[in-house]
Amino acid sequence: MSSMVLSGDTSGTVTVTVPAVAGTNTATLPAATGTVMVSGNMPAFSAYQSSAQTSSSSTNLKILFQTKEFDTATCFDTSLSRFTPTVAGYYQISASINMVTSVATWQQCKLYKNGSFFKQSFAPSSSSNIDIAGFSGLVYANGTTDYFEIYGIVGSGQNTGASQSVTWFAASMVRAA
Amino acid sequence: MALYDQIKAIYPQLTDNDFLTTIRLQNDSDGKGDYIAKWEHPTLAKPTAEQLA
């Protein structure tokens, strides 16, 4: 394996390594100025709800996600159920909320940014006693102070379904700013 | 009684759509309970603390 070692401006090094490969391979850098992103510095996390909550009718409830599946850059705080990306850029955010115990007339899954309502989805009533509202959107984060939370609202008071598979919050970086 | 039910008792004419547009009730899961985060109803006044007590 051959390597190229670049010295940092003041200290440290970055090593570019080429593994053993067959044939001729070309990696082309774009003719643009910016930060090269690699898997190690592109935040991604996934968390889910492991303890249920009770929601009042027509009230936006901050959904809690107490358990992390992974968090590559320590950007998700389970004590606040808050995602605070540490790298400026564009993030794909997804979430799912499960409401159980009775038939909801309607429900929404909402993304809050910096404590304020930002974007939402809408799910009509289902015919069963299990309802799921989801959210997916592309957002910008400044990498320092911007943070994101998930809220849910249903037409009639419900309990959330605490489960890894149905009440979850995940995000990953798509590209740097 | 939940805040929503208190408000509906004061203003029974409010609809689901009102709570999705001009009125936002919120609970930040911080132990402080439900509160009125936004009240921009065009004709009905925001309930007072006395009304909600």
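Quick note on labels: first sequence line is chain A, next is B, and so on, each numbered from 1.
Among A:Ser58, A:Gly115, A:Ser56, the residue with the largest count of heavy-atom pairs under 4.5 Å with chain B is A:Ser58.
A:Ile153 touches chain B through its side chain: at least one heavy atom from C-beta onward sits under 4.5 Å away, while N, CA, C and O do not. In this structure, chain B has heavy atoms under 4.5 Å from both the backbone and the side chain of A:Leu61. Residue B:Leu3: no heavy atom, backbone or side chain, is found under 4.5 Å from chain A. Heavy-atom distances place no part of A:Gln120 under 4.5 Å from chain B, backbone and side chain included.
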Inset, instruction - Test A:Lys68 against A:Asp71 for salt bridge (Lys or Arg N to Asp or Glu O under 4.0 Å), laying out the working first. - result: CA-CA 7 Å; A:Lys68 288 198 272 193; A:Asp71 186 5; 2.8 Å; yes
Inset, instruction - Might you work through the side-chain hydrogen bond (donor to acceptor under 3.5 Å, both in side chains) test for A:Ser116 and A:Asn114, ending with a clear yes or no? - result: CA-CA 6 Å; A:Ser116 299; A:Asn114 301 330; over 6 Å; no
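A cation-pi geometry, defined here as NZ or CZ lying under 6.0 Å from the six-membered ring centre and within 45° of its normal, does not hold between A:Lys62 and A:Tyr112.
For A:Tyr151 and A:Phe117, the ring centers sit 6.0 Å or farther from each other.
With no hydrogens or angles considered, a side-chain donor-acceptor pair links A:Asn142 and A:Thr145 at under 3.5 Å.
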